[in-house]
Student: 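Supplied in structure tokens, the structure appears directly below.
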Amino acid sequence: MSNVYTVAVLVGSLRKQSINRKVALALAGLAPANLKLAIVEIGDLPLYSEDIDADAPPAAYQVFRERVRSADAVLFVTPEYNRSVPGVLKNAIDVGSRPYGKSAWSGKPGAVISASPGAIGGFGANHHLRQSLVFLDVPCMQQPEAYLSGAGSAFDEAGQPSESVKPFLQSFINAYGQWVERNKKA
Ligand code: FNR
């Protein structure tokens, strides 16, 4: 049997009806047999400060770091806020990057997909996020690029992707399955 890789999925929106959460859940359902996706929640992480992280780091930091560390791969599904990464997602990235020298992200094959009701599909957030991933040593899938525009009408009431969006999500997650296999951490 081929390997099965666990994927920590980070969603950059805390909104109950988040389009990006729907994207993440749809990808979990469409994932190829070698990927097992699970959302890692980021909404309860205190804003990062080295002061609170010093002697007795918050339990939420430790739980989050362990969840990322124990995953084989990391997938980011994010909206764009003011042409960049939402603060809540950047905060999670910062929390996972410390303590210095013990980053939870290091070497895990990653991918980014952004979704927006707007016309450019979160392009700015998608690429700002990639900048951090370079520094964090996350080999990030280049193709297919995934900017889901006009995403306000991409899902039905039950969170199912429309027939026009589903093939795009399917090809993205299939490619990511191959990317994880090729770039798995030794
Ligand atoms: C937005 N939105 C937005 N959209 C976009 O395409 N580019 C942007 O720069 C911004 N900026 C922005 C800032 C802030 C503070 C908010 C709250 C929203 C709109 C955004 O794409 C929309 O609210 C999405 O529905 C958010 O994603 P979720 O929560 O549905 O996953």
Side-chain angles (χ1 to χ4, degrees), residues 6-31 35-49 60 63-64 67-68 71 73-97 105 108 110-136 138 140-176 179:
T6 56
V7 181
V9 182
L10 286 280
V11 178
S13 168
L14 304 182
R15 210 163 67 85
K16 286 194 193 75
Q17 288 303 318
S18 162
I19 298 164
N20 284 275
R21 181 170 286 266
K22 288 175 187 161
V23 171
L25 294 172
L27 290 171
L30 295 169
L35 297 184
K36 194 167 179 300
L37 275 60
I39 293 176
V40 176
E41 301 296 343
I42 60 176
D44 64 344
L45 295 173
L47 286 179
Y48 188 78
S49 161
V63 170
F64 176 75
R67 286 213 60 193
V68 174
V74 286
L75 173 62
F76 298 88
V77 185
T78 189
E80 175 177 85
Y81 279 8
N82 300 304
R83 294 287 181 261
S84 189
V85 181
V88 67
L89 179 55
K90 182 60 166 58
N91 184 55
I93 288 169
D94 295 340
V95 169
S97 73
W105 308 108
K108 295 187 192 290
V112 179
I113 178 169
S114 52
S116 166
I120 55 176
F123 174 88
N126 192 307
H127 279 261
H128 279 181
L129 182 50
R130 286 167 188 273
Q131 179 171 322
S132 293
L133 298 180
V134 169
F135 181 66
L136 293 169
V138 170
C140 193
M141 184 169 76
Q142 289 105 341
Q143 294 292 336
E145 297 169 274
Y147 320 107
L148 192 58
S149 60
S153 55
F155 293 88
D156 67 17
E157 289 289 310
Q160 290 302 313
S162 67
E163 287 308 312
S164 58
V165 165
K166 201 169 163 183
F168 170 73
L169 296 178
Q170 187 71 69
S171 61
F172 171 81
I173 199 68
N174 286 352
Y176 185 49
W179 180 259

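When a ligand or atom number is given, it counts from 1 through the structure's own listing order.
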Student: Quick one: look up the protein heavy atom nearest atom 29 (O) of ligand 1 and list residue, atom name and how far away it is.
Tutor: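 Looking only at protein heavy atoms, the one closest to atom 29 (O) of ligand 1 is S13 OG, 2.7 Å.
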Student: Among V23, I19, T78, which residue places a heavy atom closest to atom 28 (P) of ligand 1?
Tutor: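 Minimum heavy-atom distance to atom 28 (P) of ligand 1 goes to I19.
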Student: Can you check whether V23 reaches F155 side chain to side chain, under 4.5 Å on heavy atoms?
Tutor: yes
Student: Looking at NE2 of H128 and CZ of F123, how far apart are the two atoms once the value is rounded to the nearest 0.5 Å?
Tutor: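 That separation rounds to 9.0 Å.
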Student: Looking at atom 6 (O) of ligand 1, what's its closest protein heavy atom, distance included?
Tutor: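 Nearest neighbour among protein heavy atoms for atom 6 (O) of ligand 1, to 0.1 Å: S116 OG, 2.7 Å.
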Student: Check the pair F135 / I93 against side-chain contact (heavy atoms from CB on, under 4.5 Å), numbers first and verdict last.
Tutor: CA-CA 11 Å; F135 181 66; I93 288 169; over 6 Å; no
Student: Is there side-chain contact between I42 and V11, with at least one heavy-atom pair below 4.5 Å?
Tutor: no
Student: For a side-chain contact (heavy atoms from CB on, under 4.5 Å) check, start with the C-alpha distance between F172 and L75, then their side-chain angles and the critical distance, and finish with the verdict.
Tutor: CA-CA 11 Å; F172 171 81; L75 173 62; 3.9 Å; yes
Student: Which residue supplies the protein heavy atom nearest to atom 21 (O) of ligand 1, what is that atom called, and how far is it?
Tutor: P117 CD, 3.3 Å
Student: Going by the closest heavy atom to atom 16 (C) of ligand 1, which one wins out of Y147, F155, Y81?
Tutor: Y81
Student: How does S18 reach ligand 1, if at all, at less than 4.0 Å between non-hydrogen atoms: by side chain, backbone, both, or neither?
Tutor: both
Student: So which of Q17, E80, K16 gets nearest to atom 3 (C) of ligand 1, if we judge by its closest heavy atom?
Tutor: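 Among Q17, E80, K16, the closest heavy atom to atom 3 (C) of ligand 1 comes from E80.
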Student: Under 4.0 Å from atom 19 (C) of ligand 1, is there any protein heavy atom?
Tutor: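 Protein heavy atom within 4.0 Å of atom 19 (C) of ligand 1: absent.
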Student: Answer side chain, backbone, both or neither: which part of R15 comes under 4.0 Å from ligand 1, heavy atoms only.
Tutor: side chain
Student: Count the heavy atoms belonging to other residues, nucleotides or ligands that lie under 6.0 Å from CD of Q131, then report whether that count exceeds 12.
Tutor: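 No.
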Student: Counting non-hydrogen protein atoms only, what is the nearest one to atom 27 (O) of ligand 1? Give residue, atom name and distance.
Tutor: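 Ranked first by proximity to atom 27 (O) of ligand 1 is P79 CB, 3.2 Å.
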Student: How far is atom 9 (O) of ligand 1 from the closest protein heavy atom, and which atom is that?
Tutor: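 The answer is R83 N, 2.8 Å.
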Student: May I ask you to identify the nearest protein heavy atom to atom 11 (N) of ligand 1, giving residue, atom name and distance to one decimal place in Å?
Tutor: N82 N, 2.8 Å
Student: Give, for atom OH of Y176 and atom CG of L27, the distance between the pair rounded to the nearest 0.5 Å.
Tutor: 10.5 Å
Student: Check whether any side-chain N or O of Q170 sits under 3.5 Å from a backbone N or O of L30 as a donor-acceptor pair, and report yes or no.
Tutor: yes
Student: Near N20, which atoms of ligand 1 are under 4.0 Å from a heavy atom of that residue?
Tutor: 27 (O), 28 (P), 31 (O)
Student: Mind checking whether P79 and P86 have side chains closer than 4.5 Å, heavy atoms only?
Tutor: yes
